[in-house]
Amino acid sequence: MQMATLISPQAFEAYKQAAGIAGNIFAFGLFVSPIPTFRRIIRNQSTEQFSGIPYIYALLNCLICAWYGCPLISYDTLLVTTVNSVGAVFQLSYILIYITHAEKNKKFKMSALLLAVFGLFAAIAIGSLLVTDLELRHLIIGFLSCATLISMFASPLSVMNLVIQTRSVEFMPFYLSLSTFLMSTSFLLYGVFNFDPFIYVPNGIGTILGIGQLVLYFYYNDKPKQETREPLIESFA
């Protein structure tokens, strides 16, 4: 609370909103990053060796975090809802493209997982509304959103390990890593200004991991590349 006493309420609110808006803008870089992959899928009329699981998980994360930011759950965190609502639309679009061009067994699996995501989210949303204690409701959804967000930020660890093994940044695009770092840092500040640990804790972890990705990128960017290559997306499956 000492920070708020050193800054005028108007300036403090302005900084918080600026951080949230910046987070929304930087998140857009994350949302559009899979577009080249799905252009390839559409062009080749095949999902090839790409996995759709990361997009299923990202959709669930976006839905839960968007619900956490709603006024029914949290106070004054609407920018969390806006960014994750946009993210959910992007992830759903990617999943539908994947299902359209997938083989029959993959099509069935992805369709079942998509229905499971919506079913699980509906259960979480309805169940939380049945909790009449607003503080308890906030804590329950807060811990869920925090857990899914930390898991999402931790998922690139396998890619970072691949970069170290292959001494190549081929499978860790620079702009994706940069967008992750900038978005996480923005929402870290937004959470700090809002005194919300469910926002600043996972995004603090995301910021650290984003820095780690950027360090690896600049360290291995000029290193000789090995002959063997593995599809990046398989490391998330």
Side-chain angles (χ1 to χ4, degrees), residues 1-33 55 57-95 117-118 120-153 178-207 210:
M1 298 294 291
Q2 292 181 350
M3 185 186 301
T5 62
L6 298 176
I7 306 174
S8 68
Q10 295 81 3
F12 191 82
E13 181 66 21
Y15 293 151
K16 183 182 74 174
Q17 295 302 322
I21 292 171
N24 275 252
I25 294 172
F26 293 135
F28 192 76
L30 288 177
F31 299 151
V32 301
S33 61
Y55 308 101
Y57 188 81
L59 174 62
L60 179 61
N61 173 72
C62 286
L63 290 174
I64 293 176
C65 290
W67 182 240
Y68 173 76
C70 288
L72 290 171
I73 306 298
S74 303
Y75 172 73
D76 198 21
T77 55
L78 194 59
L79 288 173
V80 173
T81 295
T82 58
V83 66
N84 283 285
S85 297
V86 173
V89 171
F90 271 95
Q91 303 309 322
L92 180 59
S93 300
Y94 295 144
I95 292 169
V117 164
F118 283 124
L120 179 58
F121 174 68
I124 291 172
I126 294 172
S128 64
L129 292 177
L130 295 177
V131 178
T132 56
D133 186 326
L134 297 181
E135 183 60 27
L136 179 59
R137 180 192 300 174
H138 175 261
L139 288 175
I140 292 173
I141 302 301
F143 277 115
L144 280 175
S145 66
C146 189
T148 59
L149 199 53
I150 290 175
S151 298
M152 186 188 75
F153 283 135
L178 180 62
S179 296
T180 299
F181 167 69
L182 293 174
M183 183 200 72
S184 301
T185 303
S186 297
F187 276 108
L188 166 63
L189 295 174
Y190 181 75
V192 169
F193 287 135
N194 212 42
F195 307 106
D196 192 332
F198 294 127
I199 298 178
Y200 66 68
V201 169
N203 283 285
I205 295 173
T207 299

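In this text, all values refer to a predicted model and were calculated from it rather than measured experimentally.
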For residues 195-204, which side-chain donor-acceptor pairs fall under 3.5 Å, sequence neighbours excluded?
{"residue": "Asp196", "atom": "OD1", "partner": "Tyr68", "partner atom": "OH", "Å": "2.9"}
{"residue": "Asp196", "atom": "OD1", "partner": "Phe198", "partner atom": "N", "Å": "2.9"}
{"residue": "Asp196", "atom": "OD2", "partner": "Tyr68", "partner atom": "OH", "Å": "2.6"}
{"residue": "Asn203", "atom": "ND2", "partner": "Ile199", "partner atom": "O", "Å": "2.7"}

Identify, with sequence neighbours excluded, every residue that meets side-chain contact (heavy atoms from CB on, under 4.5 Å) alongside Ala27.
-> Phe31, Val83, Met183

Residue pairs meeting salt bridge (Lys or Arg N to Asp or Glu O under 4.0 Å), one or both in residues 121-135, sequence neighbours left out, come to none

Would you find more than 12 non-hydrogen atoms of other residues, nucleotides or ligands less than 6.0 Å from Phe121 atom CZ?
-> yes

Distance from Tyr15 atom OH to Gln10 atom CD, nearest 0.5 Å?
-> 11.5 Å

Judged by atom type as modelled, is there a donor-acceptor pair below 3.5 Å linking the side chain of Thr207 to the main-chain atoms of Phe181?
-> no

Measure from the side-chain N and O atoms of Ser74 to the backbone N and O of Pro71, and report whether any donor-acceptor pair falls under 3.5 Å.
-> no

Qualifying residues under ring pair (Phe, Tyr, Trp, His ring centres under 6.0 Å), relative to Phe118, sequence neighbours excluded | none

Who are the side chain to side chain donor-acceptor pair (under 3.5 Å) partners of Ser128, not counting sequence neighbours?
-> Trp67

Just jot down the side chain to side chain donor-acceptor pair (under 3.5 Å) partners of Ser85, sequence neighbours excluded, or say none.
-> none

Residues in side chain to side chain donor-acceptor pair (under 3.5 Å) contact with Thr148, at least two apart in sequence or another chain = Asn61

Can you measure from CG (Leu129) to SG (Cys70) and round to the nearest 0.5 angstrom?
-> 9.5 Å

Between Thr81 and Gly69, is there a donor-acceptor pair closer than 3.5 Å when you use the side chain of the first and the backbone of the second?
-> yes

Summary of salt bridge (Lys or Arg N to Asp or Glu O under 4.0 Å) pairs that have at least one residue in residues 65-82, sequence neighbours excluded = Lys16-Asp76

Residues pairing under salt bridge (Lys or Arg N to Asp or Glu O under 4.0 Å) where one sits in residues 82-92, two or more places apart or in two chains, turn out to be none

Output all residues satisfying side chain to side chain donor-acceptor pair (under 3.5 Å) with Gln17, sequence neighbours left out; order by chain, then residue number.
-> Glu13

Could you pull out the closest heavy-atom pair between Tyr57 and Met152, with the gap in Å?
-> CE2-N, 4.1 Å

Atom CZ of Phe26 and atom CD1 of Ile21: how far apart are they, to the nearest 0.5 Å?
-> 12.0 Å

Between Tyr190 and Thr77, is any pair of side-chain heavy atoms under 4.5 Å apart?
-> yes

Do you know the tightest heavy-atom contact between Ser179 and Gly29?
-> OG-CA, 3.8 Å

What pairs with Thr82 under side-chain contact (heavy atoms from CB on, under 4.5 Å), at least two apart in sequence or on another chain?
-> Asn24, Leu79

Are the side chain of Thr185 and the backbone N or O of Leu182 linked by a donor-acceptor pair below 3.5 Å?
-> no

Minimum side-chain heavy-atom gap Ile140-Arg137 below 4.5 Å = no

Across all chains, not counting sequence neighbours, the ring pair (Phe, Tyr, Trp, His ring centres under 6.0 Å) partners of Phe28 are Phe90

Shortest non-hydrogen contact between Ala22 and Ser186, atoms and distance = CB-OG, 3.7 Å

Output the distance between atom CD1 (Ile141) and atom CG (Leu136), rounded to the nearest 0.5 Å.
-> 10.0 Å

If you round to the nearest 0.5 Å, how far is CG of Leu139 from CG of Leu134?
-> 11.0 Å

